[in-house]
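Some notes on the structure that comes next.
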Amino acid sequence: MNEISILPLGDSYQELAANLKLQLAEQYPIKHIARDTVLLQQGQKQRYGYLILDGVLGAIHDDAEGGQRCKEFYFKDEFALLYGNWLTNTEAFYQLKVINRVSVISVPLNVFNQSEWQIIKQQLIAQQLIFKEAKEAFLLLNTPEQRYRYLLAEKPHWLAQLSLTQVAMYIGISAISLSRIRKRLNLS
């Protein structure tokens with residue numbers, strides 16, 4: 001990625017995650033959850049957010065034709081939840097699924113209605129807005145090859161935890177297109 005300046009994807013979560021861990025200290029247990037476990041079914045109302053200590057979660061939409069679309073992957077130090085559905089109290093458009101075994105702290109979302117949690121809630125929402133702006137720029141202002149090169153340069157730990165099909169979904173292209181890009185970059 002050379003000519004376009006973009007906001008970093010997900011890099012500023014660590015400080016917020018550290019603050020959240022302190023706030024959660026010993027209130028909620030750490031859970032270890034196996035791959036392919038669905039934490040929230042598509043169409044259900046979400047009751048928990050998940051602070052990821054290790055592993056990967058995905059927000060995946062299953063369509064009527066049997067296809068899947070990926071909204072987002074969530075990695076270590078991210079607080080995974082469907083913000084739009086949470087803030088509008090609507091059913092989930094996506095399922096939250098364990099992509100790679102995770103260690104998480106499950107946080108009941110109703111705690112964010114309490115006054116002592118308002119600052120953290122505002123920080124989470126602000127962080128999510130910044131991330132979504134960054135991801136929108138990432139997808140709109142860069143070619144698929146530039147997106148992949150950015151991930152290679154800046155997010156190798158993400159790539160190490162996802163299959164090539166999942167990476168292709170993340171950058172908005174088919175697995176075949178990603179294979180062609182990788183071949184041009186001598187990576188296949």
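Just so you know, these numbers use all the heavy atoms, side chains as well, and skip hydrogens, waters and symmetry mates.
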Practice prompt. Given side-chain contact (heavy atoms from CB on, under 4.5 Å), test Y83 with Q128 step by step and report yes or no.
Written response: CA-CA 8 Å; Y83 283 82; Q128 182 66 8; 3.4 Å; yes

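- Within the model, atoms CD1 of I176 and OG1 of T165 stand 10.0 Å from one another, a figure rounded to the nearest 0.5 Å.
- Note on Y94: it does not cluster hydrophobically with L81, by side-chain heavy-atom contacts below 4.5 Å among ILVMFWY residues.
- Take N19 and apply the side chain to side chain donor-acceptor pair (under 3.5 Å) test, not counting sequence neighbours, and it matches no residue.
- In this structure, Q127 CD and F79 CZ are separated by 13.0 Å, a value rounded to the nearest 0.5 Å.
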Could you go through R182 and L164, starting from their C-alpha distance and side-chain angles, then the distance that decides it, and tell me whether this counts as side-chain contact (heavy atoms from CB on, under 4.5 Å)? CA-CA 10 Å; R182 288 175 49 82; L164 291 177; 3.7 Å; yes

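- A search for side-chain contact (heavy atoms from CB on, under 4.5 Å) contacts involving L185 returns E145, Y148, R149, L152, I181, L187, not counting sequence neighbours.
- Applying the salt bridge (Lys or Arg N to Asp or Glu O under 4.0 Å) criterion to K71, with sequence neighbours excluded, gives no partner residue.
- Looking at D62 and Q95, their side chains do bring a donor and an acceptor atom within 3.5 Å of each other.
- Rounding to the nearest 0.5 Å places CE of M169 at 7.0 Å from OG of S163.
- I171 CD1 to C70 SG: the interatomic distance, rounded to the nearest 0.5 Å, is 11.5 Å.
- With sequence neighbours left out, the side chain to side chain donor-acceptor pair (under 3.5 Å) criterion links S106 to no other residue.
- Residues that satisfy the side chain to side chain donor-acceptor pair (under 3.5 Å) test with Q23, not counting sequence neighbours, are absent from this structure.
- Applying the side-chain contact (heavy atoms from CB on, under 4.5 Å) criterion to F93, with sequence neighbours excluded, gives N85.
- Identified under the ring-ring contact (aromatic ring centres under 6.0 Å, His included) test for residues 167-188, with sequence neighbours left out: W158-Y170.
- Panel note: side chain R147, backbone N142; a donor-acceptor pair is recorded below 3.5 Å.
- Partners of Q161 by side-chain contact (heavy atoms from CB on, under 4.5 Å), not counting sequence neighbours, listed by chain and number: V56, F75, N100.
- The shortest distance between side-chain heavy atoms of V107 and L109 does not fall below 4.5 Å.
- In this structure, the side chains of H61 and Q42 come closer than 4.5 Å at one or more pairs of heavy atoms.
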Give every donor-acceptor pair under 3.5 Å between a side-chain atom in residues 46-53 and any protein atom, sequence neighbours left out.
{"from": "Q46", "atom 1": "OE1", "to": "L82", "atom 2": "N", "distance (Å)": "3.2"}
{"from": "Q46", "atom 1": "NE2", "to": "L82", "atom 2": "O", "distance (Å)": "2.6"}

Distance-only donor-acceptor pairs under 3.5 Å for side chains of residues 114-126, two or more places apart:
{"from": "Q118", "atom 1": "NE2", "to": "F112", "atom 2": "O", "distance (Å)": "2.6"}
{"from": "Q118", "atom 1": "NE2", "to": "Q114", "atom 2": "O", "distance (Å)": "3.1"}

Can you give the donor-acceptor pairs under 3.5 Å from side chains of residues 28-38 to other protein atoms, not counting sequence neighbours?
{"from": "H32", "atom 1": "ND1", "to": "S103", "atom 2": "OG", "distance (Å)": "2.8"}
{"from": "T37", "atom 1": "OG1", "to": "A34", "atom 2": "O", "distance (Å)": "2.8"}

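- Note that CD of E78 is 10.5 Å distant from CG of L16, once rounded to the nearest 0.5 Å.
- Taking N89 as the reference, K45 meet the side-chain contact (heavy atoms from CB on, under 4.5 Å) condition, with sequence neighbours excluded.
- Note that CD of E72 is 10.0 Å distant from CD1 of I60, once rounded to the nearest 0.5 Å.
- The main-chain N or O of E133 is never found under 3.5 Å from a side-chain atom of E136 such that the two would form a donor-acceptor pair.
- A donor-acceptor pair shorter than 3.5 Å can be found between the side chains of T90 and T88.
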